[in-house]
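Written below as structure tokens is the structure these notes are about.
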Amino acid sequence: MTKGKETYYATTPIFYANAEPHIGHAYTTTLVDVATRFHRLKGDNTYFLTGTDEHGEKIQKAAEANNMSPQEYTDMIAGKFKSTWDSLDIRYDDFVRTTQERHKKVVREILQKVYDNGDIIFGEYGGLYCLGCERYYTDKELKDGKCPQHDTKPEYRSEENYFFRMEKYRPWLQDHIKQNPDFIRPERYANEALGILREPIGDLSISRPRNRVPWGIPLPWDENHVTYVWFDALINYYSALDSKNLIDEYWPHVNHFIAKDILKPHGIFWPTMLKSAGIDIYPHLNVHGYWLIDQGKMSKSKGNVINPLDLKDKYGVDAFRYYLLKDMHFGSDASFSEEGLAERINSDLANDFGNLLNRTLGMLGKYTEGKVPGITKIEEIDHDLISSFTKLPEIFTEYFDNLEFDKAISAVLEAIRKANKYIADTEPWVLAKDENKKARLETVLTNCVEALRCASILLEPVMPNKTRELRKQLGIKNIPFNLASAAEWDLVPVNTQTQKGEPLFPRIDLEALKEETVVKEVVLEHKPEVTIDDFAKLEFRVAEILSAEEHPKADKLLVLNVQLGPEKRTIVSGIKEWYKAKELAGKKVIIVANLKPVKLRGILSEGMIMAAEDEDGNLSISSLDRDIISGSEVR
RNA sequence: GGCGAAGUAGCUCAGCUGGCUAGAGCGCACGACUCAUAAUCGUGAGGUCGAGAGUUCAAGUCUCUCCUUCGCUACCA
């Protein structure tokens with residue numbers, strides 16, 4: 001509370017515009033919104049940036065699949081993100097899109113700086129390229145010739161590429177991370193980054209030929225190439241400020257917030273890029289975990305999965321935001337469930353917080369005609385209550401500074417519970433029966449009002465709407481509303497007229513919730529339509545497994561010898577987790593017979609067995625309804 | 001296989017640099033109260049802190065081994 005005005009610049013990642021927002025995007029963005037609102041409450045100078053990442057081959061393809069131009073497509077997706085943020089009451093200052101000219105201009109400037117600095121080298125690069133990852137893979141990295149991420153076969157491509165000399169900054173970055181414990185937080189992610197840096201990180205491919213990927217930013221010194229996704233995207237954090245001449249004001253105070261899956265680009269690529277470009281390194285990278293979706297009895301295959309984001313409409317934005325912030329310990333994973341959300345709402349928001357307001361208003365209505373009577377007769381027990389609240393802003397601030405949002409909220413809840421206990425202890429309904437205790441009654445009730453006022457300030461960043469509603473019911477207006485005023489007491493003017501309204505957070509019937517069955521239909525995601533000619537390129541055949549053995553140098557692979565009509569083939573297959581080598585002999589299965597052979601961990605695989613896998617990880621290999629001779633073609 | 005994280009009350013989880021009888025919330029049981037949204041307040045339930053060993057005067061908290069789970073990664077075309 002003693003600190004002066006600070007500057008706070010917070011960012012979410014710019015989300016890749018090839019799909020609609022999901023709970024993960026929503027969490028990061030809500031979190032940043034809450035953090036920014038908190039700093040605003042504190043009186044700090046804040047800036048909140050979010051946006052979308054709109055370049056790259058994947059988006060080009062996604063646009064094509066939807067019969068749209070890339071620009072139309074990204075306009076649509078960016079619109080969806082914006083409307084989702086609106087519906088979550090996210091109040092960002094700027095929404096940057098990497099296709100905006102203001103961004104492209106800065107990307108080119110920074111590229112040029114890095115180039116002039118001698119950190120860009122040119123090389124011809126040929127290799128196996130995965131479309132899904134938008135990157136090349138070395139033979140070593142591939143799994144049986146497949147992309148380890150997408151399990152798809154990369155295509156061979158040869159092209160000229162520019163590389164950023166990232167490796168040369170490795171020692172510097174290691175040192176930087178070690179010297180600055182607050183650089184990557186929480187600590188476990190700094191350790192993870194150091195782990196990555198123990199091995200050479202290589203140079204970073206930063207371009208793609210423009211003739212193949214027109215949807216990108218051309219390199220300033222070579223118009224025939226466009227920049228690669230990360231080099232383009234990461235710069236948004238800087239370009240958005242730069243385009244508004246805000247670098248000096250905000251850049252030194254960046255707080256990047258990301259989920260753990262993009263630690264490497266943000267913790268490794270980004271600082272080395274900045275270093276090379278001669279830009280100050282951002283001070284903080286804050287990394288959070290995942291929301292694991294606990295579907296309980298739900299199952300995708302049964303078609304009754306819910307989208308967590310839909311629950312914000314069912315239970316209200318404020319409660320939804322509260323749950324996200326309260327139930328995740330920053331840095332760790334958390335499990336998301338509707339039941340968890342509902343229980344949280346009932347216990348914290350309905351029973352403790354909302355009910356405190358309701359009972360206070362009830363008593364005011366009954367005993368003082370709804371007017372705030374004022375504090376006249378203070379007793380020892382009052383001081384306890386008062387200090388529980390007035391010390392909160394300081395505690396709250398400390399927790400926020402440490403990214404312990406769950407604890408900050410818990411601290412407020414603890415005070416709220418104390419207020420409920422205070423009522424039980426002081427027994428206003430007893431005081432009301434004795435005219436001699438009127439002053440005491442009035443004091444107690446006013447203390448309750450003050451407690452609610454303080455709580456409403458502290459919880460405002462998380463629940464801006466409900467806390468506003470609370471103040472409205474209390475009739476509070478025209479008195480200071482900021483963090484400092486939450487450390488003061490007795491601010492509500494005497495005779496303020498309160499107005500009891502609807503309960504802030506209605507209780508949820510948990511029993512009924514458990515009874516609910518179907519929630520939402522799930523739609524399968526289909527690949528783009530193919531023609532019969534496309535299909536005809538594939539050759540499926542019946543093969544008989546003669547024998548199978550474990551791959552000597554792999555954990556998950558079985559090596560199968562199969563009979564394919566007159567031919568014998570070796571197929572390496574990743575089904576060891578589900579099938580024992582012994583039980584496979586004699587089975588007839590369907591294979592893809594004309595896949596380009598690949599070496600998998602040293603053994604050449606000449607085909608692929610068709611198998612089905614569900615989202616729970618169950619796997620079943622294809623079989624045939626009737627016995628049929630091996631080698632038969634499947635169509 | 002390599003690297004990393006994690007395994008603490010029925011559930012969700014806190015427990016930093018080792019220290020008195022291991023905590024919170026929810027749920028549960030019993031009791032109290034009535035201003036209130038069947039809420040609130042009090043009390044309790046007693047978890048070998050994944051297993052084993054070690055260091056120490058003292059270990060969820062450090063070391064080692066093992067088991068399990070989850071990421072990333074190396075082989076599931």
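When reading the values below, keep in mind they use all heavy atoms of this one structure, side chains included, and skip hydrogens, waters and symmetry mates. Lettering of chains follows the sequences in order, A, B, ..., and the numbering in each one begins at 1.
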So what's [N] paired with, Watson-Crick or G-U wobble, going by both distances under 3.5 Å?
{"N": "B:rA58", "result": "none"}
{"N": "B:rA5", "result": "B:rU69"}
{"N": "B:rC41", "result": "B:rG31"}
{"N": "B:rC26", "result": "B:rG10"}
{"N": "B:rU63", "result": "B:rA53"}
{"N": "B:rA36", "result": "none"}

Under 4.0 Å between any heavy atoms, over every strand shown, what does [X] touch: base, sugar-phosphate, or nothing? Just pick one.
{"X": "A:N358", "result": "base"}
{"X": "A:L445", "result": "nothing"}
{"X": "A:G354", "result": "base"}

request  = Inspect the contact between A:K260 and A:E192 and indicate whether a charged nitrogen and a carboxylate oxygen are less than 4.0 angstrom apart.
outcome  = no
Using atom [atom1] of each nucleotide, how far apart are [N] and [M] to the nearest Å?
{"N": "B:rA59", "M": "B:rC20", "atom1": "P", "value": "11 Å"}
{"N": "B:rC11", "M": "B:rU34", "atom1": "P", "value": "37 Å"}
{"N": "B:rU8", "M": "B:rA22", "atom1": "C1'", "value": "9 Å"}

ask   = RNA chain B: A:I416 or A:Y367, which has the more 5' nearest nucleotide?
value =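 Checking each residue's closest nucleotide, the 5'-ward one belongs to A:Y367.
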key: 5' precedence on RNA chain B between A:K366 and A:E192 (nearest-nucleotide basis)   = A:E192
key: Side-chain N or O of A:R344 closer than 4.0 Å to phosphate OP1/OP2 of B:rG25   =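 False: A:R344 side-chain N/O out of range (4.0 Å or more) of B:rG25 OP1/OP2.
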inquiry  = In terms of relative ring orientation, are A:F400 and A:F405 parallel, tilted or perpendicular, with 30° and 60° separating the classes?
reply    = perpendicular
Take atom [atom1] of [X] and atom [atom2] of [N], then tell me their distance rounded to the nearest Å.
{"X": "A:N346", "N": "B:rG27", "atom1": "CG", "atom2": "P", "result": "8 Å"}
{"X": "A:N191", "N": "B:rA5", "atom1": "CG", "atom2": "P", "result": "7 Å"}
{"X": "A:N420", "N": "B:rG25", "atom1": "CG", "atom2": "P", "result": "13 Å"}

query = Without hydrogens or angle criteria, can the side chains of A:N351 and A:R507 be said to hold a donor-acceptor pair below 3.5 Å?
reply =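 Result is yes, a qualifying pair exists.
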request  = Say whether A:D382 and A:Y422, considering side chains only, have a donor N or O and an acceptor N or O under 3.5 Å apart.
outcome  =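 Side chains of A:D382 and A:Y422: pair found under 3.5 Å.
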ask   = Quick check: are there more than 12 heavy atoms from other residues, nucleotides or ligands sitting under 6.0 Å from CD of A:E167?
value = yes
inquiry  = Tell me whether the side-chain N or O atoms of A:N355 pair up with the base of B:rA39 as donor and acceptor below 3.5 Å, since no angle test is needed here.
reply    = no
